[in-house]
Each structure stands twice: as C-alpha cells, then as structure tokens.
Participant: 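I have a structure here, written as structure tokens, and I will follow up with some questions on it.
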Amino acid sequence: MSNYDLGQTLASGQCFRWNCVDGVWTGVLGRHWLKLEHAVSGIIVHAAEPVADFGFVEDFLRLGEDLESVLLSFPDDPPMRAAVASCRGLRLLRQEPWECLASFILSATKQIVQIRQIVALLCERFGDPVTVPPGEPSAWTFPSADRLAGLAESDLRACKMGFRAPYLLAVARAIATGRFDLEAIRGLSLAEARTRLVTLPGVGPKIADCVLLFAYGFQVAFPIDVWIIKALKQLYFPKRRVSQKQLHHFAATHFGPHAGYAQQYLFHYMRTSHRQRDTKTTASRT
DNA sequence: CTCCAGGCGCCTT
DNA sequence: AAGGCGCATGGA
C-alpha cells in the first residue's frame with residue numbers, strides 16, 4: 001500500500017503512544033500489544049497474543065479509507081499542494097475516544113515529546129500490563145476512566161501533568177459516574193458534539209475538535225492551535241495583518257468536506273519543514 | 001538565567 | 001464580547 005505511511009501517520013501528533021525502532025512501530029491497542037511494519041504487499045501486523053479478528057486494527061488505521069479522494073477534495077492551492085507533497089501517505093487514525101480525550105487534555109501547553117512522557121507515565125502507573133513478546137519493553141493499557149476516577153489528584157500530579165491533573169480527574173469522574181456519556185457523542189451533529197464536549201473542564205474548542213476529528217471521525221472538525229495559526233498566516237496571508245476572527249472564518253470555509261484532514265497535512269507539514277529549517281541553521285552555525 | 005510549549009478558565013474592560 | 005494572565009513542568 002504505497003499511499004499509506006505509518007511513520008508520517010503515527011508520528012504526526014495525533015496519537016502519543018506508538019514507538020518506532022528501525023522502521024518497525026510498536027504500541028498498544030485496547031489490550032493488545034501490536035507491531036506494525038511496511039512490506040511490499042502492504043502493512044504487516046503482529047500481535048503478542050493470538051487475535052481472532054484484526055478488524056480493530058483496520059478500524060484504527062482506517063485502512064478502508066480512500067486517501068486519493070480525500071486529497072482530491074483539498075483546495076487546489078500552492079500551500080496544500082506543498083503540504084500534500086511533503087506528507088505523502090499521512091493518514092488520520094480512528095482512536096478510542098477516552099484515550100484521545102484524556103491525552104489531549106494533557107496536551108495543553110506541552111510539546112509533543114512531553115505529552116508522550118506524561119501519557120507513558122500515566123499508563124505505566126495506572127494501566128494494566130499487557131503481554132509483550134520476549135525481549136520487548138513492558139507495555140500497558142491506557143487506564144480506564146473508572147481507574148483514574150478512583151485516584152487522588154496527587155496521584156495524577158505525580159505523573160508530571162501539573163495543572164492539568166484536576167481537569168483529567170474531573171473528566172474521568174464525570175465519565176465514570178455516567179454523568180457524561182462519550183458514546184452519546186457519536187449520534188450528534190458536529191456543532192452539538194462540540195457544545196457537549198466543551199462543557200467538560202479543561203476541554204475548550206481546540207481539544208474538543210481534536211477528539212471530534214481523531215476519535216469520532218468528524219471530517220470537518222478543524223483543530224486550531226498555535227501551529228495552524230502560524231501555518232495559515234505564513235502560507236495564506238504572508239505579510240498581512242489578519243485577525244483571529246478572519247483566520248477562524250477562513251479555516252471554517254476554505255478547506256472543504258475533509259477540512260480536518262487538510263488541517264493534519266498543514267500541521268505536519270509546518271512542523272516537519274520547521275524542524276528541517278532549524279536543523280539546517282544549527283548545522284550551518286557549527 | 002529567561003522563554004515558551006498542539007490551551008483553558010477566570011478575571012478584567 | 002473580547003483581551004490579558006496565571007497555571008506546572010521541563011527543555012532549549
């Protein structure tokens with residue numbers, strides 16, 4: 001499958017628990033430890049324990065999605081062409097809502113490396129151990145809302161999440177008690193779903209849109225963060241003064257029926273090209 | 001040392 | 001309604 005790139009996808013900041021060694025990706029999905037790698041025939045999936053049905057992996061990777069039609073729906077302008085060219089094979093995943101929501105509550109004002117560290121600590125301390133093949137590092141499930149709901153705020157702060165701890169705890173308890181139903185989000189319109197999610201403490205428009213896009217599959221959800229602001233300004237409004245309101249309106253109207261996908265391409269393009277520029281300037285200085 | 005990182009909530013105008 | 005500021009923590 002030449003138009004699916006595991007590396008672009010699993011390292012594009014939409015999930016935080018997959019690791020790569022020599023082109024081989026390992027991670028935990030539900031209670032299963034998995035290994036993913038590219039082969040000439042497609043993507044090979046290995047599990048640590050016997051799996052009757054790999055459908056849950058297909059769902060997670062969205063293997064059935066027709067990427068070409070998504071790319072064709074993007075606006076045909078220079079920034080999108082550049083982003084598509086530099087992110088070949090980048091896909092959106094379909095993640096489990098609770099893990100996605102909890103992870104993005106922890107993402108506020110943190111760099112992706114740090115988010116990964118916090119999530120790893122949380123799983124190691126409060127997740128259940130899963131079976132891994134001999135020689136592989138230990139791995140854990142993502143702790144359930146029930147599990148976190150029973151903890152003290154100090155237990156969460158010990159995972160280095162700082163002021164985000166009370167938010168995560170309150171959301172875990174809202175879900176554990178049934179006061180908030182994550183499954184009920186599925187049947188709602190985008191606007192209703194967003195309105196519902198932002199009632200949760202620590203969840204604003206940006207985090208809500210991340211969960212709507214990365215977990216629930218709302219294709220037009222368009223998370224707006226500092227990177228996207230930077231990308232839109234630099235790529236679409238160079239050397240022009242643009243208000244936040246104008247940027248939001250542009251984001252909501254310019255990118256078509258798969259706007260969220262376009263957002264992920266711009267986000268990843270911005271981050272990777274930015275890093276290359278940094279590496280170059282650093283290298284030329286030394 | 002200072003600055004800032006995939007924001008959000010709360011307190012000012 | 002819109003704008004400013006504090007919040008924990010760690011890396012550059």
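Naming: A, B, ... by sequence-line order, numbering from 1 per chain.
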Participant: Give a yes/no verdict on base stacking between B:dG6 and A:Trp227: centres under 5.5 Å, planes within less than 30° of parallel.
Facilitator: no
Participant: Under 4.0 Å, heavy atoms only, any strand: does A:Gln14 hit a base, just the sugar-phosphate, or nothing?
Facilitator: base
Participant: Ignoring hydrogens and angles, state whether a donor on the side chain of A:Asp77 or A:His254 is under 3.5 Å from an acceptor on the partner side chain.
Facilitator: yes
Participant: Quick check: closest heavy atoms across A:Leu34 and A:Ala47, and the distance to 0.1 Å?
Facilitator: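 Heavy atoms of A:Leu34 and A:Ala47 come nearest at CD2-CB, 3.7 Å.
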Participant: A:Glu136 and A:Thr26: side-chain donor and acceptor closer than 3.5 Å?
Facilitator: no
Participant: May I ask you to verify whether the side chain of A:Gln263 and the base of B:dG6 hold a donor-acceptor pair under 3.5 Å?
Facilitator: yes
Participant: Would one find a side-chain N or O of A:Lys160 under 4.0 angstrom from OP1 or OP2 of C:dG10?
Facilitator: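 So the side-chain polar atoms of A:Lys160 do come within 4.0 Å of the phosphate oxygens OP1 or OP2 of C:dG10, strictly under.
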Participant: B:dG7 P sits how many Å from A:Asp225 CG, rounded?
Facilitator: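 So the CG-P distance, A:Asp225 to B:dG7, works out to 6 Å.
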Participant: Can you tell me the distance, in whole Å, between the CG atom of A:Leu121 and the P atom of C:dA8?
Facilitator: 18 Å
Participant: Calculate the interatomic distance between A:Ile115 atom CD1 and B:dC8 atom C1'; express it in whole Å.
Facilitator: 14 Å
Participant: Using the C1' atom as the reference point in each nucleotide, state the distance between C:dA2 and B:dG6 in Å, no decimals.
Facilitator: 23 Å
Participant: Taking the six-membered ring for Trp, are A:Phe237 and A:Phe250 closer than 6.0 Å centroid to centroid?
Facilitator: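 Yes: the rings meet the under 6.0 Å criterion.
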Participant: If you look at every strand shown and take non-hydrogen atoms under 4.0 Å, does A:Leu106 touch a base, only sugar-phosphate, or nothing?
Facilitator: nothing
Participant: Indicate yes or no: does A:Arg31 engage A:Glu49 in a salt bridge with an N to O separation below 4.0 Å.
Facilitator: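 Salt bridge flag = no for A:Glu49 with A:Arg31.
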Participant: Using a 4.0 Å heavy-atom cut-off across all strands, classify A:Ser12 as base, sugar-phosphate, or nothing.
Facilitator: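 Result for A:Ser12 = base.
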Participant: If we take the P atom in both C:dA8 and B:dC11, what is their distance in whole Å?
Facilitator: 15 Å
Participant: Starting at the 5' end of DNA chain B, which residue's closest nucleotide do you reach first, A:Ile228 or A:Val198?
Facilitator: A:Ile228
Participant: When you measure from the side chain of A:Gln264, which nucleotide among B:dC8, B:dG6, C:dA8 comes out closest?
Facilitator: B:dG6
Participant: Classify A:Tyr167 by what it touches in the nucleic acid, base, sugar-phosphate, or nothing, heavy-atom distance under 4.0 Å.
Facilitator: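 Sugar-phosphate, backbone atoms only, no base.
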Participant: Can you measure A:Phe267 atom CZ to B:dA5 atom P for me and round it to whole angstrom units?
Facilitator: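 A:Phe267 atom CZ is separated from B:dA5 atom P by 12 Å.
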Participant: Please determine whether a side-chain nitrogen or oxygen atom of A:Arg157 lies at a distance below 4.0 Å from atom OP1 or OP2 of C:dA8.
Facilitator: yes
Participant: May I ask you to say what A:Val203 touches in the nucleic acid, namely base, sugar-phosphate or nothing, with a heavy-atom cut-off under 4.0 Å?
Facilitator: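 Contact class for A:Val203: sugar-phosphate only.
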Participant: Work out how far the C1' atom of C:dG6 is from that of B:dC3, and round it to whole angstrom.
Facilitator: 16 Å
Participant: How many Å lie between NZ on A:Lys110 and C1' on C:dA12, as a whole number?
Facilitator: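 Those two atoms, NZ and C1', are 14 Å apart.
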Participant: Is any NZ, NE, NH1 or NH2 atom of the basic residue among A:Asp5 and A:Arg88 found under 4.0 Å from an Asp or Glu carboxylate oxygen of the other?
Facilitator: no
Participant: Without decimals, in angstroms, what is the distance between A:Phe16 CZ and B:dG6 P?
Facilitator: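 Interatomic distance, CZ of A:Phe16 to P of B:dG6: 10 Å.
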Participant: Taking for each residue the nucleotide of DNA chain B with the nearest heavy atom, is it A:Gly202 or A:Cys210 whose nucleotide lies nearer the 5' end?
Facilitator: A:Cys210
Participant: What is the distance from CZ of A:Phe163 to P of B:dG7, rounded to the nearest Å?
Facilitator: 9 Å
Participant: Rounding to a whole Å, what distance do you find between A:Leu200:CG and B:dG7:C1'?
Facilitator: 15 Å
Participant: Return the pairing partner of B:dG6 with a 3.5 Å limit on both distances, Watson-Crick or G-U wobble; otherwise return none.
Facilitator: none
Participant: Any Lys/Arg nitrogen of A:Arg196 or A:Glu192 sitting under 4.0 Å from an Asp/Glu carboxylate oxygen of the other?
Facilitator: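 So A:Arg196 does not pair with A:Glu192 through a salt bridge.
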Participant: Nearest to the side chain of A:Arg164 - B:dG7, C:dG11, C:dA8?
Facilitator: C:dA8
Participant: Looking at B:dG6, B:dC8, C:dA8, which one has an atom nearest to any side-chain atom of A:Ile207?
Facilitator: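 For A:Ile207, the side-chain atoms sit closest to B:dC8.
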Participant: What's the gap between B:dG9 and C:dG10 when it is taken at their C1' atoms, as a whole Å value?
Facilitator: 23 Å
